[in-house]
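A quick write-up on the structure given underneath.
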Amino acid sequence: MFKHVIVRRPGRSLIEGITSANLGKPDYNRALQQHDGYIDTLKNRGVKVKILEAEEQFPDAVFVEDTAVLTERCAIITNPGALSRQGEEITIKEALKEFYTNMETITAPGTLEGGDVMRVGDHFYVGLSDRTNEDGFRQFAGILNKYRYTASTVKLEKFLHLKTGLAYLENNNLLVAGEFVEHEEFKKFKRIIIDETEGYAANCIWVNDAVLVPMGYPKTRAAISKAGYNVIEVDVSEFRKLDGGLSCLSLRF
Ligand code: CIR
């Protein structure tokens, strides 16, 4: 169960964030409203939410997940692979000092973004992507081993991040989309396959026995409900315009 969540308010510079989505620029005021809704939903799941101020010099800084990987035994501060995002981790590290004494860091030439990390029990799957490189993985796995965790890689073909196409919902249930549907590595899970027309909805998050699902993906919603979960829809359409989603918007620990 998660006790804490860290989020960061979107800045006005959000509209200049990195994107491949072709959905136009996000509307800042709608993004703020959706961010409020996201925070309220998390609070209703019984977690304490720490809200960091916007950082205007980093248009993508609202996607805090990419800047750290948090476990019960340590916090690992990442070195984001996107040049325009390098530096976002500095204020995250500051914010984490209140919660962690064991802090580790990924350093250049290694890069790693939290969106490429999916935890299943004490194992961490790491996507090798345009954002996370071999050296980043090597450093990350070394740190994890020191804290008695294990890690392995998954090569990405098309997705931005590993969790663009996968979400672990606990109890051996895994949402899989696109290039991961036929992936051998994931066949051992009880897979919930995301319909091709709802690819974006693979980025869900399990939070204290409920699953947050992006609003507007009825097939995914029904499939997760059928697997026995309490499903909560959250509107994140403005963040989708920047390839971001439910997992990217918070650090949960
Ligand atoms: C980026 O391209 O870095 C942002 N526009 C989106 C980051 C999404 N983060 C995530 O999937 N963890």
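Note that ligands are numbered from 1 as they come in the structure, with each ligand's atoms numbered from 1 the same way.
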Could you walk me through whether Asp66 and Arg85 satisfy the salt bridge (charged side-chain N to carboxylate O under 4.0 Å, His left out) test, starting with their C-alpha distance in whole Å, then the side-chain angles of each, then the deciding distance to 0.1 Å, before giving a yes or no? CA-CA 9 Å; Asp66 294 318; Arg85 302 198 58 188; 2.7 Å; yes

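- For the pair Val181 and Val176, the tightest heavy-atom approach, listed with the atom from each and the gap, is CG2-O, 4.0 Å.
- In terms of N/O distances under 3.5 Å, ligand 1 is approached by Ile18.
- Considering both main-chain and side-chain atoms, Thr164 never comes within under 3.5 Å of ligand 1 through any nitrogen or oxygen pair.
- Counting only non-hydrogen atoms, the option in Leu160, Leu249, Val62, Leu242 that gets closest to atom 5 (N) of ligand 1 is Leu242.
- In this structure, Phe186 has its ring center under 6.0 Å from that of Tyr125.
- When only interatomic distances are considered, the shortest N/O to N/O separation between His161 and ligand 1 falls below 3.5 Å.
- The shortest contact between atom 10 (C) of ligand 1 and any protein heavy atom is with Cys248 SG, 2.7 Å.
- Cation-pi geometry between Arg73 and Tyr149 is satisfied (NZ or CZ under 6.0 Å from the ring centre, within 45° of the ring normal).
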Assess the residue pair Arg9 and Glu53 against the criterion (salt bridge (charged side-chain N to carboxylate O under 4.0 Å, His left out)); give the C-alpha distance rounded to whole Å, side-chain angles, the decisive distance to 0.1 Å, and a yes or no. CA-CA 6 Å; Arg9 294 301 272 168; Glu53 281 174 26; over 6 Å; no

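- The shortest heavy-atom contact between Asp116 and His161 is OD1-CA, 3.1 Å.
- Ligand 1 places these atoms under 4.0 Å from at least one heavy atom of Phe63: 4 (C), 5 (N), 6 (C), 7 (C).
- Here the protein heavy atom with the shortest distance to atom 4 (C) of ligand 1 is Asp60 OD1, 3.3 Å.
- Nearest protein heavy-atom contact of atom 9 (N) of ligand 1 is Asp66 OD2, 2.9 Å.
- Among the candidates Leu162, Asp130, Thr132, the single residue satisfying the side chain to side chain contact (heavy atoms under 4.5 Å, CB included) test with Leu156 is Leu162.
- Contact annotation: Arg131 has at least one heavy atom less than 4.0 Å from an atom of ligand 1.
- Residue Asp243 places no N or O, backbone or side chain, under 3.5 Å from any N or O of ligand 1.
- Comment: Arg30 engages Glu238 in a salt bridge, judged by a side-chain N to carboxylate O separation of less than 4.0 angstrom.
- Against a heavy-atom cut-off of under 4.0 Å, Gly115 is close to the following atoms of ligand 1: 12 (N).
- Looking at Lys163 against ligand 1, nothing comes within 4.0 Å, counting heavy atoms.
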